[in-house]
2 protein chains.
Amino acid sequence: MTGKVTIKDVAKAAGVSEATVSRALSQSPRVKRDTRQKIQNIANNLGYHPNGLARSIRLQQTHTLGVIIPDILNDFFTRLIRAIEDAAGKAGYDVLIVNTDESLAKEATALNLMLEKQVDGVIITSAGGPTDYAAILGDTPAVFVDRMPPAGVETPFDRVLVDNVQGTQDIVAQLIAQGAQRVGIINSAVSFTAAERLQGYQHALIAAGLEPDPAIEATARTDNSNVPQMTRQLLVNQKCDGLFVADNTIMEGVLRKLPELAIPTLQLGGFDDQDWFDFLPQPIVTARQPINQLGKTAIDRLLDRINGADMLPAEIRLAATTISR
Amino acid sequence: MTGKVTIKDVAKAAGVSEATVSRALSQSPRVKRDTRQKIQNIANNLGYHPNGLARSIRLQQTHTLGVIIPDILNDFFTRLIRAIEDAAGKAGYDVLIVNTDESLAKEATALNLMLEKQVDGVIITSAGGPTDYAAILGDTPAVFVDRMPPAGVETPFDRVLVDNVQGTQDIVAQLIAQGAQRVGIINSAVSFTAAERLQGYQHALIAAGLEPDPAIEATARTDNSNVPQMTRQLLVNQKCDGLFVADNTIMEGVLRKLPELAIPTLQLGGFDDQDWFDFLPQPIVTARQPINQLGKTAIDRLLDRINGADMLPAEIRLAATTISR
DNA sequence: CTGAAAGCGCTAACAT
DNA sequence: ATGTTAGCGCTTTCAG
């Protein structure tokens, strides 16, 4: 933090008051054209950059939104960030992104950081802990995206979510339609989406007259270290001929394990779509999430709140699209 | 920007002065244990969050670093961000990331944004324009990573770069060793890396006694829209039996086109490695970049500058590793 | 050990 | 059309 040339320097150089410089630089009509021109030139020559901190502290708003993301290496979140940035940028807001590595501790730190930086609002993809968001956030507006804190009923926040139940149900139904008789699941460690996706999975089984079997319902660790072993367990020991995988990071582990297991006719499906799935040798059924909509909807909602809209917290569900390859 | 409870409120509630609250909360030893305890409790109960803007403006430093990234959807940069965040975080710095979509205009905007936010330093992956960085940056320290502005000789900035020439040369040499007789190149639109990678490509050809041929040196557009066509051009029309591709985004386009061309024995290689290349049916030779080192080195260098280290701007080159699949 | 007061850079009344 | 001044929330001399 340097660039020590301040509005005072410009004022002195131009022989006017600080107020006039401020007005000139913010295009106020209350300053003569000539003066404005002169001041702008001088400011440029001096290499003046307004101090946004000072302005924000004065104006009581930063025009910055905080975004809390659990895994910046995950393509899904990268795209979500991009969508959020886009929507925010169009509305004139900057975005402060913090990655939490699915750690609750880091999430709390991130939240505090954002509050200290006085962000005007926050978008949270929760790592899924028992955090008391309302207490921490005070009256800073927040919108939850993709995941909700597990708290449950009385969440006083807006939520923009994917229809995980329906999305999963569609995929599993498709796997069965393609001939699978015994479909296992490797679920994710993220409690919120895991619960919903398990439900969709079971719905699909029951709708097809199949019985859910706890023996073929596995859960991946957060670091996915047990995925290879779970894959073998379900496909070899449990003789599943269909497999639903709850997200793209788990899918990568499964795909890596598959060749050595050499299952002849496996019906494979999973949540999250990746472009490179096009290059896979085997067929795969996936749910493509409406990422851009997710981001845009969340930002719209957040900006409404920031602008003082008086509305009840709502839950918005967006549908995923099933893609068969 | 809300959270209106300030240090003044805490002071009032605690019956002490603002100064004492400030001292208590910053663990100054110059305040009685009891007082500190009491103040901390009151602050918690009130839901007090220090205003980072006010503190930064007072302390003349933000403990925030700006990072300018040209394409946040590109896996390479995502990993770079992650590496930078990691290194910065360990040193107690936050990171403000801005994506420029390879646009010079957005890059300039991003730079200004960062200066206005008073970042303590900037890491730039340049979109590669004729921008006069020195003039814009003033005395804000900056380090260039992965790419340098084209200016050339007299860059007064530190640069942390990959050895593009050697990396490319190794790959192309490997393609030739594997039997390729006529190796084409689809280069990137990014001037800096493109120039170096072309050089490495040509070196390898010459070292193998092959003649560089402009007819098989193609360049992708920034949006890669011409990649399918270039691929056909080189492999079908120009009958190349080897192909070097300058980055991972171009590689994806090539891979997408390959099946329909059905080239029997193609030796394929490219810069940037992706984990999912493991799943490709055909062999591929890639350069894995030392991303973590890149990030860490850049941050170290930047922090040294921020802390006033007096050293000449240097260019640090890191080696890429060749991976054959 | 604690308080009073100045000042970081900026904008917005309120003058003139 | 421009200048004067107060104050945003914080830290830090300087006094006590």
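Keep in mind that the numbers below use all heavy atoms, side chains included, and drop hydrogens, waters and symmetry copies. Every chain is numbered from 1, with letters handed out A, B, ... down the list of sequences.
- Sequence neighbours left out, the pairs with a member in residues 72-82 of chain A that pass side chain to side chain donor-acceptor pair (under 3.5 Å) are N74(A)-N248(A), D75(A)-R79(A), D75(A)-Q274(A), R79(A)-D275(A), R82(A)-D101(B).
- dG7(D) atom P lies 18 Å from atom CG of N51(B), rounded to whole Å.
- With sequence neighbours excluded, the residues that form a ring-ring contact (aromatic ring centres under 6.0 Å, His included) with Y93(A) are H63(A).
- Following rounding to the nearest Å, L53(A) (CG) and dC8(D) (C1') show an atom-to-atom distance of 13 Å.
- Under the 4.5 Å side-chain criterion, counting only non-hydrogen atoms from C-beta, P130(B) is in contact with L104(B).
- Contacts classified as salt bridge (Lys or Arg N to Asp or Glu O under 4.0 Å) and involving residues 28-37 of chain A (residues at least two apart or in different chains) are not found.
- Side-chain proximity of R30(A) to dT2(C), dT2(D), dC8(D): nearest is dT2(D).
- When distances are taken from the side chain of L59(A) to each of dA12(C), dG9(C), dG9(D), the shortest belongs to dA12(C).
- Rounded to whole Å, the distance from CD on Q27(B) to P on dT12(D) is 14 Å.
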Name every donor-acceptor pair, under 3.5 Å, that has one atom in a side chain of residues 14-22 of chain B and the other anywhere in the protein, sequence neighbours excluded.
from   : atom 1 : to     : atom 2 : distance (Å)
S17(B) : OG     : A19(B) : N      : 3.3
S17(B) : OG     : T20(B) : N      : 3.2
S17(B) : OG     : T20(B) : OG1    : 3.2

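- Residues from residues 37-46 of chain A with heavy atoms under 4.0 angstrom of DNA chain D: there are none.
- Residue H49(B) contributes atom NE2, which lies 12 Å from atom P of dC10(D) at whole-angstrom precision.
- For S56(B) and dC8(C), the shortest distance from a side-chain N or O to OP1 or OP2 is not below 4.0 Å.
- In this entry the distance linking CZ of R55(A) with C1' of dG9(D) reads 18 Å, nearest Å.
- For K117(B) and T62(A), the side-chain atoms include no donor-acceptor pair closer than 3.5 Å.
- Residues from residues 16-26 of chain B lying near DNA chain C, meaning a heavy-atom separation below 4.0 Å, are V16(B), S17(B), A19(B), T20(B), R23(B) in numerical order.
- Atoms CD1 and CG, from I97(B) and L65(B) in turn, are 11.0 Å apart once rounded to the nearest 0.5 Å.
- With sequence neighbours excluded, the residues that form a salt bridge (charged side-chain N to carboxylate O under 4.0 Å, His left out) with D300(A) are K296(A).
- A straight line from NZ of K117(B) to P of dC10(C) spans 15 Å, rounded to a whole angstrom.
- At the phosphate of dC8(C), neither OP1 nor OP2 sits under 4.0 Å from any side-chain N or O atom of Q118(B).
- Following rounding to the nearest Å, K8(A) (NZ) and dG3(D) (P) show an atom-to-atom distance of 15 Å.
- Nearest nucleotide to the side chain of I57(A), out of dG9(D), dA15(D), dC10(C): dG9(D).
- Residues meeting the ring-ring contact (aromatic ring centres under 6.0 Å, His included) test with Y133(B), sequence neighbours left out: F144(B).
- Close to dC8(C), at under 4.0 Å from its OP1 or OP2, lies no side-chain N or O of Q61(B).
- Every salt bridge (charged side-chain N to carboxylate O under 4.0 Å, His left out) that D158(A) has, sequence neighbours left out, goes to R301(A), R305(A).
- Distance I7(A) CD1 to dC10(C) C1': 6 Å, rounded to the nearest Å.
- Side-chain proximity of T6(B) to dG9(C), dC10(D), dT2(D): nearest is dC10(D).
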